[in-house]
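Taking it in order: structure first as structure tokens, then the write-up.
Every value quoted in this text rests on a predicted model; they were computed, and no experiment measured them. Starting from 1, each residue takes its place in the sequence as its number.
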Amino acid sequence: MNDTLAPFKTLIYEHCGLVLEGIAEARLHKALHQGAERMAVTRLSEYFQLLQRTPEEFEKLISALTVNETYFFREPDQIALFTNQLVPRLLSRQSRRPLKILSAGCSSGEEPYSLAMALDTVYGEQRRHLFQIDAGDLDRQILAKAEQGIYSPFSFRSLDAALQQRYFQPLDRSFQLIESIRNSVNFYPLNLMAELGPQGLDQYDLIFCRNVSIYFDPPTRLQLHQRFYNALNENGILLLGGSETLGNDMGVFELVEEHGHYYFIKGESYRPASSQAVSWSQSRRAPQAVEHPASVSQDSVLSPVAATPTGALNLPPLDWIRQLVQEGQTEQATRLLDRHLSEQGQPVSVGVSLLKSWLLLNSRVFAEADQLLDRVLQEDPWSVDALLLKGLNAKWQQRHEQAVEWFRKVIYVCPESWPAHYYLAEVHRLDGRDEQAIKSYQAVRRILSDDRHAPDGLLWVPLPLPRGDILFLSERHVLKLRQRLSETGEGEG
């Protein structure tokens, strides 16, 4: 199938940057055959030639390939940050012209309309003069739907009932957004693979592009950031989806943190005074290699690993201890780790603390493990291992809300950490949050279906999670949860 699809993948990638590999190939295969049938051609080679000379058909194919999963007030905490913190800051430094906001990859309009509603609740009629909201998407068909502002109940799954009553009117079995909010958003066809300025989209103060970059490869994301940089004013803000922000630190913008949320800034004006964030690329130091003891073969040692302190030559190398932990030789590993911890005059390395805390968690010694993890996070706030273990510590003590927050932090730092997605899905499933659980399980499926050997983002902790089993369980849970949602009438109709 890959050879047959290859020219289509290249054509689509060059046009709009979509990467259609792994499980996305099935969607492409289906869309191509539907298109060929629609155009009454029998061979995909004929359809390929037709696409090159028929822009309208190419647009239909792109529409069939784009994923338009969205709903009102998605990631409400981030919208609250936008309304209560960022907008007042922007307005305080703004001239008399309206504040310009762009929702890029707006899909069927729920995101820009959510922004308009959020601003209306604070600024009322003044918002017409204070703000200009533009929205764009590659899919022209979905833009036509957005302009109509008609939505099924599925789009309201995160919307407060009072806001739905205030801003929507019943229309047959659906609901239509009131005219004053519909008129406050300008919709445009938008190809993110082209410079925004020539498309009439530039000089923005703030750009939203949430849950879009997950469909692009790193080189395309870098180009996208450069285009956003050019489309912003001298000082501006870029907001991405919560789970994709840190994975998009491409070096174009400065990454900052505010109230637990991460976003990008251009210029100096909008850097929050309280931010503790630093560039992801600067915060991770490449671990140094160690000299392995003769009793451990090079093939048996998992990398990357950090070096044993140079002054502690009498101590066993940590990569050796890590191997013992992985093999389940916990008593011997514990004794060796305790030697590191008791060594006078030597700093305790992050690896020692992480391996020891992992053994403590497995022995249900939660408080002591938590203290070690806190020490690690003081030294390295971005440690994926420590953040994940904090989540497991909370999960195993039935503190599910805390566990969710820790697993989300892991995903902030390392969006491809499939163990974090899996554990987050498990907590959501246990708490009956079926839709959130499905999304997290689907993230696991996306990562592991593309590459059964996909790295888990961990440097030290050898989690006993067989990738094949986790992929099977994730697929099974998705089917069961979808069936349950269908039976209860809560799923997408």
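Contact check for M193 versus R227: side-chain heavy atoms found under the 4.5 Å cut-off. Side-chain atoms of W358 and D385, non-hydrogen and from C-beta on, never get closer than 4.5 Å to each other. The closest side-chain heavy-atom distance from D431 to V404 is not below 4.5 Å. I470 places a side-chain heavy atom less than 4.5 Å from the side chain of L448. In this structure, the side chains of I265 and Y263 come closer than 4.5 Å at one or more pairs of heavy atoms. A 4.5 Å side-chain heavy-atom check between Y412 and L387 finds every atom pair outside the cut-off. Looking at L138 and L190, their side chains never come closer than 4.5 Å, going by heavy atoms from C-beta outward. Side-chain contact check for Y423 versus L388: some heavy-atom pair is nearer than 4.5 Å.
For residues 414-426, every residue pair satisfying the salt bridge (charged side-chain N to carboxylate O under 4.0 Å, His left out) rule, not counting sequence neighbours, is listed here: E416-R446, E426-R429.
The shortest non-hydrogen separation linking A333 to I321 is O-CG2, 3.9 Å. The two residues H428 and S440 come nearest to each other via the heavy atoms CD2-OG, 4.1 Å. Here the shortest heavy-atom pairing between P112 and S103 reads CD-OG, 3.5 Å. Residue S417 comes nearest to V384 through the heavy atom pair OG-CG1, 4.5 Å, listed as atom of the first residue, atom of the second, then distance. When all heavy atoms are compared, the tightest approach of W460 to L355 is O-CD2, 3.7 Å. Minimum heavy-atom separation, L481 to A437: CD1-CB, 3.7 Å.
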Item to check | Stepwise salt bridge (Lys or Arg N to Asp or Glu O under 4.0 Å) test for E111 and R74 | outcome: CA-CA 7 Å; E111 176 176 282; R74 189 176 187 176; over 6 Å; no
Next on the checklist: Before you tell me yes or no, could you show the steps for D205 and I101 under side chain to side chain contact (heavy atoms under 4.5 Å, CB included), namely the whole-Å CA-CA distance, both residues' side-chain angles and the distance that decides it to 0.1 Å?
Outcome noted: CA-CA 6 Å; D205 300 288; I101 301 166; 6.0 Å; no
Next on the checklist: Between L354 and L373, is the side chain to side chain contact (heavy atoms under 4.5 Å, CB included) condition met? List the steps.
Outcome noted: CA-CA 7 Å; L354 287 168; L373 293 173; 4.0 Å; yes
Next on the checklist: Using side chain to side chain contact (heavy atoms under 4.5 Å, CB included), reason through I12 and L28 one step at a time and then give a plain yes or no.
Outcome noted: CA-CA 10 Å; I12 293 164; L28 174 60; 3.8 Å; yes
Item to check | F407 vs W418, ring pair (Phe, Tyr, Trp, His ring centres under 6.0 Å): CA-CA, chis, key distance, verdict | outcome: CA-CA 11 Å; F407 294 141; W418 55 267; over 10 Å; no
Checklist entry - Going through the distances and angles, do L458 and L463 end up as a side chain to side chain contact (heavy atoms under 4.5 Å, CB included)? => result CA-CA 9 Å; L458 300 171; L463 292 176; 3.4 Å; yes
Checklist entry - Can you list the steps and then say if T220 with Y13 is a side chain to side chain donor-acceptor pair (under 3.5 Å)? => result CA-CA 9 Å; T220 303; Y13 179 81; 3.0 Å; yes
Next on the checklist: Evaluate H421 against Y441 for ring pair (Phe, Tyr, Trp, His ring centres under 6.0 Å), listing each step before the verdict.
Outcome noted: CA-CA 7 Å; H421 288 289; Y441 283 128; over 10 Å; no
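Salt-bridge annotation for K356 and D338: present, with a side-chain N of the basic residue lying under 4.0 Å from a carboxylate O of the acidic one.
With sequence neighbours excluded, no residue forms a salt bridge (Lys or Arg N to Asp or Glu O under 4.0 Å) with E110. Considering only residues two or more places apart in sequence or on other chains, E368 meets the side chain to side chain donor-acceptor pair (under 3.5 Å) condition with none of them. Residues passing the ring-ring contact (aromatic ring centres under 6.0 Å, His included) test with H400, sequence neighbours excluded: none. Under the salt bridge (Lys or Arg N to Asp or Glu O under 4.0 Å) criterion, R89 pairs with E258, not counting sequence neighbours. E401 pairs by the salt bridge (Lys or Arg N to Asp or Glu O under 4.0 Å) definition with R433, not counting sequence neighbours. Applying the side chain to side chain donor-acceptor pair (under 3.5 Å) criterion to D456, with sequence neighbours excluded, gives no partner residue. Taking the salt bridge (Lys or Arg N to Asp or Glu O under 4.0 Å) definition, one finds that D374 meets it with K390, sequence neighbours left out. Here Y270 pairs with nothing under the ring-ring contact (aromatic ring centres under 6.0 Å, His included) rule; sequence neighbours left out. The side chain to side chain donor-acceptor pair (under 3.5 Å) search around Q371 returns none, not counting sequence neighbours. Taking the side chain to side chain donor-acceptor pair (under 3.5 Å) definition, one finds that E268 meets it with R271, sequence neighbours left out.
Neither side chain, Q226 nor N230, offers a donor N or O lying under 3.5 Å from an acceptor on the other. Checking Y151 against S108 by side-chain atom types alone, no donor-acceptor pair falls below 3.5 Å.
In terms of modelled atom types and a separation under 3.5 Å, the side chain of R375 and the main chain of S353 share no donor-acceptor contact. Judged by distance alone, with hydrogens and angles left aside, the side-chain atoms of S486 form no donor-acceptor pair with the main-chain N or O of R482 at under 3.5 Å.
Separation of atoms CG (L424) and NZ (K439) is listed at 11.5 Å; rounding is to 0.5 Å. For the atom pair CH2 of W382 and SG of C414, the computed distance is 12.5 Å after rounding to the nearest 0.5 Å. Rounding to the nearest 0.5 angstrom, the gap separating the CE atom in M250 from the CD atom in Q223 is 10.0 Å. Atom-to-atom distance recorded for N393:CG and Q402:CD is 9.0 Å, nearest 0.5 angstrom. Considering CG of L389 and NZ of K395, their distance stands at 13.0 Å, rounded to 0.5 Å. How far CG of L485 is from CG of D434: 5.0 Å, rounded to the nearest 0.5 Å.
Judged by the 6.0 Å distance and 45° axis criteria, K266 is not positioned over the aromatic ring of F253. Relative to the ring axis of F472, R476 does not place its NZ or CZ within 45° and under 6.0 Å from the centre.
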Name each donor-acceptor pair under 3.5 Å that joins a side chain in residues 77-86 to protein atoms two or more places apart or in another chain, with its distance.
| residue | atom | partner | partner atom | Å |
| --- | --- | --- | --- | --- |
| Q78 | OE1 | R210 | NH1 | 2.7 |
| Q78 | NE2 | L240 | O | 2.8 |
| T83 | OG1 | I79 | O | 2.9 |
| N84 | ND2 | A80 | O | 3.3 |

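Checked against the 6.0 Å centroid criterion, the rings of F72 and Y113 do not qualify as a close aromatic pair.
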